Trainee: 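My structure is below; once you've seen it, I'll send some questions.
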Amino acid sequence: MKKLLTFVLIVMLACLFLDKIGGSDMHMQFHGDDIDGPLEWLFGLVFAGGGLLIAAIALVCAAVVTGVVLAGVGVVLIAVVALCVALALALSTPVLLPLLIPVAIVWLIVSRKHKQAQARQHSL
């Protein structure tokens, strides 16, 4: 059943394609001359496909340029945020000084104990 359905769909699409390309209502002019005959539809499809190919290339180029520009803007924004954080830390240092004094005392005590433990290990 699946093979029959696939075959029927292919035949229907082929019939529709042949009906559309075999029509004589397509008129094309190239450098002011009318192009007609059995390959008129082929020339029309090739030239229309060429226009679509050029449009696709232009869209890809525009997407790449947009990506590069937005990536550059993102890098600048990250640098600005880092600068703001550094500035906030620099401005808050006087406020943090009372908090740093107990931290320095604890650090001194821990480092002293660590040095004493190392001295004991080396003496053994």
Side-chain angles (χ1 to χ4, degrees):
M1 186 66 177
K2 288 183 183 180
K3 289 183 181 183
L4 180 64
L5 181 63
T6 305
F7 179 73
V8 169
L9 285 175
I10 290 174
V11 169
M12 284 178 48
L13 288 174
C15 289
L16 287 172
F17 181 69
L18 288 174
D19 181 50
K20 290 299 175 191
I21 64 173
S24 64
D25 47 333
M26 181 185 292
H27 298 284
M28 192 176 103
Q29 289 188 353
F30 188 68
H31 292 296
D33 298 329
D34 283 337
I35 297 177
D36 54 358
L39 295 180
E40 173 187 9
W41 60 270
L42 179 64
F43 288 128
L45 287 176
V46 168
F47 291 133
L52 288 175
L53 181 66
I54 291 171
I57 291 171
L59 283 174
V60 168
C61 290
V64 168
V65 169
T66 303
V68 169
V69 167
L70 291 180
V73 170
V75 169
V76 170
L77 286 177
I78 289 173
V80 167
V81 167
L83 182 66
C84 289
V85 168
L87 185 63
L89 285 176
L91 291 176
S92 67
T93 301
V95 176
L96 293 176
L97 188 59
L99 294 175
L100 290 176
I101 294 172
V103 170
I105 292 171
V106 170
W107 185 21
L108 182 66
I109 293 171
V110 168
S111 66
R112 228 183 211 182
K113 286 186 179 183
H114 185 69
K115 285 182 184 178
Q116 289 175 356
Q118 281 184 348
R120 287 183 190 160
Q121 283 182 349
H122 289 297
S123 65
L124 292 176

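Just so it is clear, the model here is predicted, and its values are computed rather than measured. Residues take their numbers from the sequence shown, with the count starting at 1. All values below come from the heavy atoms of this structure, side chains included, with hydrogens, waters and symmetry mates left out.
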Trainee: Val76: what forms a side chain to side chain contact (heavy atoms under 4.5 Å, CB included) with it, not counting sequence neighbours?
Mentor: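 With neighbours one apart ignored, the set is Val80.
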Trainee: Can you spot which of Leu91, Val85, Leu89, Leu83 makes a side chain to side chain contact (heavy atoms under 4.5 Å, CB included) with Leu87?
Mentor: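 Passing option: Leu91.
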Trainee: Taking side-chain hydrogen bond (donor to acceptor under 3.5 Å, both in side chains) as the test, write out the residues that go with Gln118, two or more places apart.
Mentor: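 side-chain hydrogen bond (donor to acceptor under 3.5 Å, both in side chains) check on Gln118 returns His114.
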Trainee: Kindly compute the distance separating CG (Leu5) from CD1 (Ile10), expressed to the nearest 0.5 Å.
Mentor: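 Output value for this atom pair is 10.0 Å.
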Trainee: Would a single hydrophobic cluster contain both Ile101 and Ile109, if residues Ile, Leu, Val, Met, Phe, Trp and Tyr are joined by side-chain heavy-atom contacts under 4.5 Å?
Mentor: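 Yes, same cluster.
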Trainee: Check Ala62 against Thr66 and note the closest heavy-atom contact, atom names and distance.
Mentor: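 The pair with the smallest heavy-atom distance is O-OG1, 2.7 Å.
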Trainee: Please report the interatomic distance CG(Leu100) to CD1(Ile105), rounded to the nearest 0.5 Å.
Mentor: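 Here the interatomic distance stands at 11.5 Å.
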